[in-house]
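Only heavy atoms go into these numbers, but all of them, side chains included; no hydrogens, no water, no symmetry mates. Below, chain A is the first sequence line, B the second, and so on; all start at residue 1.
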Amino acid sequence: MGLLNREEAEALIQEVLEVYPEKARKDRAKHLMVNDKTVTQSKKCITSNRKSVPGVMTQRGCAYAGAKGVVWGPFKDIIDISHGPIGCGQYSRGGRRNYYSGIAGVDSFCDMMFSSDFQEKDIVFGGDKKLAKLIDEVESLFPLSKAISVQSECPIGLIGDDIEAVAKKKATEIGKTVVPVRCEGFRGVSQSLGHHISNDAIRDWIISARDGKLDEGTPYDVAILGDYNIGGDAWASRILLEEMGLNVVAQWSGDGTIAEIENTPKAKLNLLHCYRSMNYIARHMEEKYGIPWMEYNFFGPTKIAESLREIASHFDDTIKEGAERVIAKYQPMMDAIIAKFKPRLQGKKVMLYVGGLRPRHTVGAYEDLGMEVVGAGYEFAHNDDYDRTIKEMKDATLIYDDASGYELEEFVRQVKPDLVGSGIKEKYAFHKMGVPFRQMHSWDYSGPYHGYDGFAVFARDMDMTVNNPCWSMFKAPWEKPAVEEPEADAA
Amino acid sequence: MQTVENIKPCFPLFNSEEYQDVLAKKRTYEERVSQDKVAETFEWTTTKEYQDLNFARQTLTINAAKACQPLGGALCGLGFEKTMVYIHGSQGCVAYFRTYFNRHFKEPIAFIADSMTEDAAVFGGQKNVHEGLQNATKLYDAKMIAVCTTCIAEVIGDDLGAFIGNAKKEGYVDKDFPIPYANTPSFVGSHITGWDNMFEGIMRYFTLNTMEGKAPGQNGKINIVPGFETYLGNYRVIKRYMKEMGVDYTYLCDPDEVLDTPATGEYEMYAGGTTIEEVKDAPNAITTFMLQSTTLEKTRKYIENTWNHEIPKISIPMGVEWTDAFLQKVSEVTGKAVPASITKERGRLIDMMTDSHQWLHGKKMAVFGDPEFVMGLVKFMLELGIEPTHIVCNNSNKRWEKAMKKVLEASPYGIHAKLYPGCDLWHLRSLCFTDKPDFIIGSSYGKFIQRDTLHKGPEFEVPLIRLGFPIFDRHHLHRMTTLGYEGGMYILTTLTNAVLERLDDQTKLLGKTDYNFDLVR
C-alpha cells in the first residue's frame, strides 16, 4: 500500500475514532492530526499534555517514572530511595539501560533499588521517622555515596509527610546533599511532570552548591544535558565533542555525578539533547548564570554534521576547524555504512511512537538510510515539541498524541509500515501482527544510537529487523488463502 | 571507530582503547573517591562485619525480591476468558505492570488504568471509575472486567464496590455486565497477596449470592487453583495429568493461552481462559486443589466457608514426593487411578535422578524467590541430595516459615540450611561472600550477586541458575515446567547442566586444569 494522502489520512483518523463513546471521541479527536507544514503553531491543530482518558489503554507512565526512572536514576553516585510501597522501586529497576562506569554498591548505584517498602502502619502513622532512620542505614552501608534523593511514590503526598524537613535535617547530620523529590505518580498527566519536578529539585537543592566557589574553567567547557546514556549514547556523543576540542564538564544525567551537576555553571554552552526532559534546567542556568543553550541532534550523519557545526559556531576557529576535522574523519565510515545498508532499506516506511523527543529526532537518521517516517507520535510531548515536529515531518504524516494501544494498532494495520519503533508495551502486539519492530526507548537491548559510532549500530539494527527472514513465515503452507489456488493452477 | 565489516554494539565497542580514554578523561570531572578507596570499601562489603551491619537494617530494603499486590491481581485477571484487567488508580503503575510482564513473557499484555490524577486524589476516583468503565466496555469487547487497585485509591479510601455499583445504576455500564473487583493495597503483602485477593474477588462475585442448589460433588469435577504462577508449562502439565487420569477438572484462572499466542499476522487481545460459566459451576466440584496453599489464605477461607469444600491438604506438586502426594490425593478424591503413563513419567524422572545424582549430591545452593516456589524447589533439592544453604524469601509469612522448617528438618540434607524470611538480595549478597554456596538459584535479579562475587576473585564467584520469576535476561524460560515429574525433569536438567557448565569453565585452562576437562561427564 502506498502512502496516505491528506484525505485518506483524515478519513483514517475518523474511522479510528468511531469506536469511542462520545466524550472520549471528542477528547481523542484533539490529539490526532494530519501534518500540515504550513502550520507554525501546533496548538492550533493538536492538543497535548492533557489527562489520559480513563479506561483507554494509554502507554504513558507517571511523574515518579519521569523523575526516578528518567532524570535521577542515571546519576551514578546518588542513591535514589523509592519512598513508599515496594512496587515502584522494583518495577523501575534495571529496565532503562542507562549505562554507567563504576563499582556497583560501592561508588555507583544505578543498577540497584532502594525502597522504604511501606507497610500499612507507615500509611497510618506517616513515614517521616522511617525515612530518617532509613537515611542513616543508607549512610552506614554505602559511605561512598555522594548524595541521596527521596523519590516520592503516590502515598507520600496523600498522607501529609514532610520529606523536605527530613531531608534538611539529615543532610546536616550526614554532611551530604539530600534531595526531596515530590514526584508522586498522581501529579501531572505523564512522566513529563516528573522531569520538570526533578529539574526544579536540582535547581533548588543542588545546582547552586558551589556558587562563588567555582573556578573560571576553560573557554571550551560545555555540558551535555538530556542524554541518559542509553546503551552508551552519551559516551558516543562525548567522544565527538572532545575530538573537536571541547571539554565536556558534565553529563546530565547518564553516567553523571553530583560533582558534574555542581560544576555545570562553569560551562560556556549547554548542549541539550532531550529538550523535553531538561529544557527547564537549561533555561534556569541561562537566567541565573547567563549560560546559553542550544538543542542538538546526534542521530544520523546529516543531523550530526549540522549539529557539530552549529555547536562550533558558538566558539572560535579552533573549535570550528575541530568540527570540520571530526566530520571529515568519520565521513568515509558513514559513507560505507550508508552504501551497505541504504540499498537494503531504501523506501521502507517507519511509524514511530516514543516519549517526547525521538519521533522527531530520529527522522534524519532514517532518511540517511533512505527510509521515510510516515507516522509519529509522543507519549508525553507538549506543544513546543509538536511545533518542532511539524517542521521535521512530511505533509500528510499521521501525528498522534498519547495514542492508545488500539489507535496505534489500527493506524499500523491501515498504513502498513515496514517498521514500527516504539516501546516494550507495544512491541509484542506488533510482533503478532507480523510488523518488524524496534524498541526506541531502550534501543532494544542494543545501542548506542547517538553519534557516528552509534549510527553504525542504528543502521545495522534497522536492517536486521526489517530484513530478518522471520517475518515471511507467518502462514503455514497449508494455510494459503483459498483464492490463490486458481492462480496456482493457471500458472 | 566502527568499521562497516564489524559493527560493534555497546559491548565490545566501549572496551576499545579510544572509549577507555574517553571514560578515563571523564573521570577527571567526576570527583569520585580514589580507586584504592573504592577497592578497599568493596572488600569491606564482603566481610562479616559488613554483613552484621547489613542485617541490622530495620527500614531499608535493597534489591528486593518481591513486587506489589496489583501485579498479582492483574495476572489473576488475565486467566479468565475475555477478561480485561482494569486498574483503579494511577496510570504509571499499570505501565509498570505491563512492562514487567512484557519483559518476562515476551508477550503483549493488555491492562487498562483509569488514570487518577491530582483532582481524583482530592475528590475521590468515582468519576474515573464511571468514565473508565464506560470506555473500557465500549472499546475492548470484554466479557468481564476485573478491577483491582493501586495504592492511591487505597490511601484515599475509595469505595470501589460502591463506585462500580453507581456506574451500573447511573448507566455508565450495563447493569448485568460482570465487574468483579478486589482491593489490592500495595503496602500490604506482595504480588502473591494480590493474586489471592483478586481471585477471591472473582469467585465471590460470581458465586456468593448464587449458592442455592449448589453443593460439593454435583458436577463431578475437581477445581484447580494455581496461585501466582508464571511457568506456562505448569498449567499445561497439570491439565495433561488430569486428562491422562480421566479426571474432569476446572482450571480456575488459566492464562496459558493468552500468554502464549501464536504469531499469525493478527494480534488477539484475548485467548483461552476460565469461563464465567465454569466459575459459576465451581462450587459444584468435588473439591478444590490449591497448588500454592500457604499463600492463598483468603481464597481458602472463601472456598471452605461458602462453597463448603473440604480442601485437600497438599503441598505444591514439585519434586517426586509432593507430586506423588498430589496425584494420590486427586486419585483418592475422584476415584480415578493414576494411569501407567504417569507412572512411566515418574519412572523416567527417577531414572534421570539416578543418572545425574553424582553431580548434584552434596552441592550447596542458595535459593531465593516466591514462597511456594522456594518451598517446592527446596523439597526437590533435598530429594536430589543437594544441600540448600541460604533460603531467602522476601515475601514470606509465618505459615511458610513453619512449613519450611518442617521440610528442612525432615531431611539430613536440610539440617544446615538457614531460613531468611523477609530478607532481600542485598542480605543474600552478604551471605554469598561470608558463607559461599556453590550456586544461587533464583530470578534474573540474582545476576548482580554473581557479578559482585566474581569481582572479589574468580574463586569467589557464585553462579546464578535461573529458576523463578521474573526472568528478563534469558529467553523463553517461562514456557518451561517446574511442577510435576515433568517439572522435575526440567529442574534436574537445568541444575545438572549448570554444575557441568561450571566445571567446564573451571577445567578448560589448557595445560593447567584441563586434566579434568572430560569429554564424558
If one checks every heavy atom of F455(A) against chain B at 4.5 Å, the contacting part turns out to be neither
N-O pairing of D453(A) and K8(B) below 4.0 Å | no
(request) Output yes when E31(B) and K146(A) qualify as a salt bridge under the 4.0 Å nitrogen-oxygen rule, no when they do not. (result) no
Scored by heavy-atom pairs under 4.5 Å with chain A, the best of G92(B), P108(B), P70(B) is P108(B)
Cut-off 4.5 Å, heavy atoms of chain B, and the answer for D136(A) is neither
Closest non-hydrogen atoms of V189(A) and Q91(B), given as atom of the first, atom of the second and distance, are O-NE2, 2.8 Å
Here the pair of heavy atoms bringing T257(A) nearest to Y29(B) is OG1-O, 4.3 Å
What I want to check is whether the side chains of K133(A) and Q58(B) have a donor and an acceptor closer together than 3.5 Å. yes
Rounded to the nearest 0.5 angstrom, the CD1-OG distance for I123(A) and S186(B) is 7.0 Å
Taking every heavy atom of C154(A) against every heavy atom of C151(B), the minimum-distance pair comes out as CB-SG, 4.3 Å
In terms of heavy-atom pairs under 4.5 Å with chain A, the winner among G132(B), P470(B), S90(B), S190(B) is G132(B)
Looking only at heavy atoms, the pair that brings A24(A) and N135(B) closest together is CB-OD1, 3.3 Å
If one checks every heavy atom of A236(A) against chain B at 4.5 Å, the contacting part turns out to be both
Evaluation steps, side chain to side chain contact (heavy atoms under 4.5 Å, CB included), between N247(A) and K25(B): CA-CA 10 Å; N247(A) 302 318; K25(B) 189 162 176 219; 3.9 Å; yes
Please confirm whether F118(A) and F187(B) have ring centers closer than 6.0 angstrom. no
- [ ] Flag the pair F114(A) / W426(B) as yes when their ring centroid distance falls below 6.0 Å, and as no otherwise.
- [x] no
Smallest heavy-atom separation, A259(A) atom then E30(B) atom, equals CB-O, 3.6 Å
Any side-chain donor paired with an acceptor under 3.5 Å for K51(A) and S115(B)? no
Note: E266(B)-R413(A) ion pair, threshold 4.0 Å (strictly below): yes
Q. Do side-chain atoms of Q90(A) reach the backbone of K66(B) as a donor and acceptor pair under 3.5 angstrom?
A. yes
key: Sidechain N-carboxylate O distance under 4.0 Å for K26(B), D255(A)   = yes
Under 6.0 Å between ring centres, would you say that holds for W235(A) and F14(B)?
yes
Nearest heavy-atom contact between V155(B) and P155(A) is CG2-CB, 3.9 Å
So, the part of A67(B) with a heavy atom under 4.5 Å from chain A: the answer is both
